[in-house]
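Written out below as structure tokens is the structure these notes cover.
When a ligand or atom number is given, it counts from 1 through the structure's own listing order. Please read these numbers as outputs of a predicted model, since none were measured by experiment. When a residue number appears, it is its place in the shown sequence, counting from 1.
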Amino acid sequence: MTAPVFRFAPSPNGELHLGHALSALTNQRMAAKSGGRLLLRIEDIDLTRCTPEFEAAIRSDLAWLGIAYEQPVRRQSEHFACYEDALERLKADELVYPAFMSRGDIRAAIIDHEASGQSWPRDPDGAPLYPGTDRTLSSRERRRRIDAGTPFAWRLDTAAALARLPDQLNWREWGDETMAATTDIAADPLQWGDVIIARREIATSYHLSVVVDDALQGISHVVRGLDLYFATSLQRLLQQVLGLPQPTYFHHRLVLGPDGRKLSKSQRDTGLAALRDAGETPETVKAMLGF
Ligand code: GLU
């Protein structure tokens, strides 16, 4: 049997906080218990927000916590061609379409709709779904707009992708960290609507690059926070239409701030660097997280 492969996949667009530490430590512990390997992946497709300084800080925070990972580290910004390849396949299969509505157009359509007293559907993160108006544009009209230089993003035709699958779409989730048993969870990608798969300024998206890389790196165990639980529906759909293997997932609890909300990279007091500066040691930080 091949060894399980885990990954910790932070984005270097801010400092790591206690929530990231919990994720990295949980991956480390589960990998150790199962005789697995641990990889680090730097998810830096957003070249405007990700910086080498944040990446260096991630590496030193992990070293401080005593988390070792295999080399080489995969940096997504060095692999745009892999994501483009996957996008080309989705285009060839007519599962993505050029979406021309700007943020302003979308907002206006929603305000208009809600003015009539009906609410507009939202995704699990609370963002309004894309109206999908240009899903049905003729190929001629698409060509005309593209040739005229109208900005657009590639969006997934989620319903069409789902309709291509022969079976009910599920993902496999471990019941707990012991990895004793899994449950099949019914995926519901439609709750995300037609998500962006690639943008003009970033030729991929989080969802596309994550599934491509999980497959390329042979990730068998995806361990991450519950904030990404619902995203799994969409990622399973992309895996299926791209013919990629399915990992087993474990979504761990989130570390909440004093206000009971999920930590963010702007909350400096729970940042690992700030905790270190305040005199905390790797041991006290681990103890805070139950390790
Ligand atoms: N890069 C994502 C983040 O920092 C995590 C991706 C994942 O674990 O699937 O939130």
Seminar exercise, completed: Near E43 (heavy-atom distance under 4.0 Å), the atoms of ligand 1 are 1 (N), 2 (C), 5 (C), 6 (C)
Exercise. At a 4.0 Å threshold, what atoms of ligand 1 neighbour a non-hydrogen atom of L228?
Worked result: 5 (C), 6 (C), 7 (C), 8 (O), 9 (O)
Exercise. Would R199 count as a cation-pi partner of W154, with NZ or CZ less than 6.0 Å from the six-membered ring centre and within 45° of the ring normal?
Worked result: no
Problem set entry | Option among E173, Q239, R224 that satisfies the side-chain hydrogen bond (donor to acceptor under 3.5 Å, both in side chains) test with T232 | R224
Exercise. S11 heavy atoms, cut-off 4.0 Å: which ligand 1 atoms fall inside?
Worked result: 1 (N), 4 (O)
For this session: Kindly assign one of parallel, tilted or perpendicular to the pair W120 and H113, based on the angle between their ring planes and the thresholds 30° and 60°.
Result: perpendicular
Exercise. For the ring pair W174 and H221, is the centre-to-centre distance below 6.0 Å?
Worked result: yes
Exercise. What are the atoms of ligand 1, with element, lying closer than 4.0 Å to any heavy atom of V210?
Worked result: 9 (O)
Exercise. Quick one: is the NZ or CZ of R155 closer than 6.0 Å to the six-membered ring centre of Y130, and within 45° of its axis?
Worked result: yes
Exercise. Quick one: does Y206 get a heavy atom under 4.0 Å from ligand 1?
Worked result: yes
Exercise. Of all the atoms in ligand 1, which lie at a distance below 4.0 Å from a heavy atom belonging to R224?
Worked result: 7 (C), 8 (O), 9 (O)
Problem set entry | Distance, nearest 0.5 Å, that separates CG of L90 from CG of L238 | 6.5 Å
Exercise. Is the shortest distance from a heavy atom of R7 to ligand 1 less than 4.0 Å?
Worked result: yes
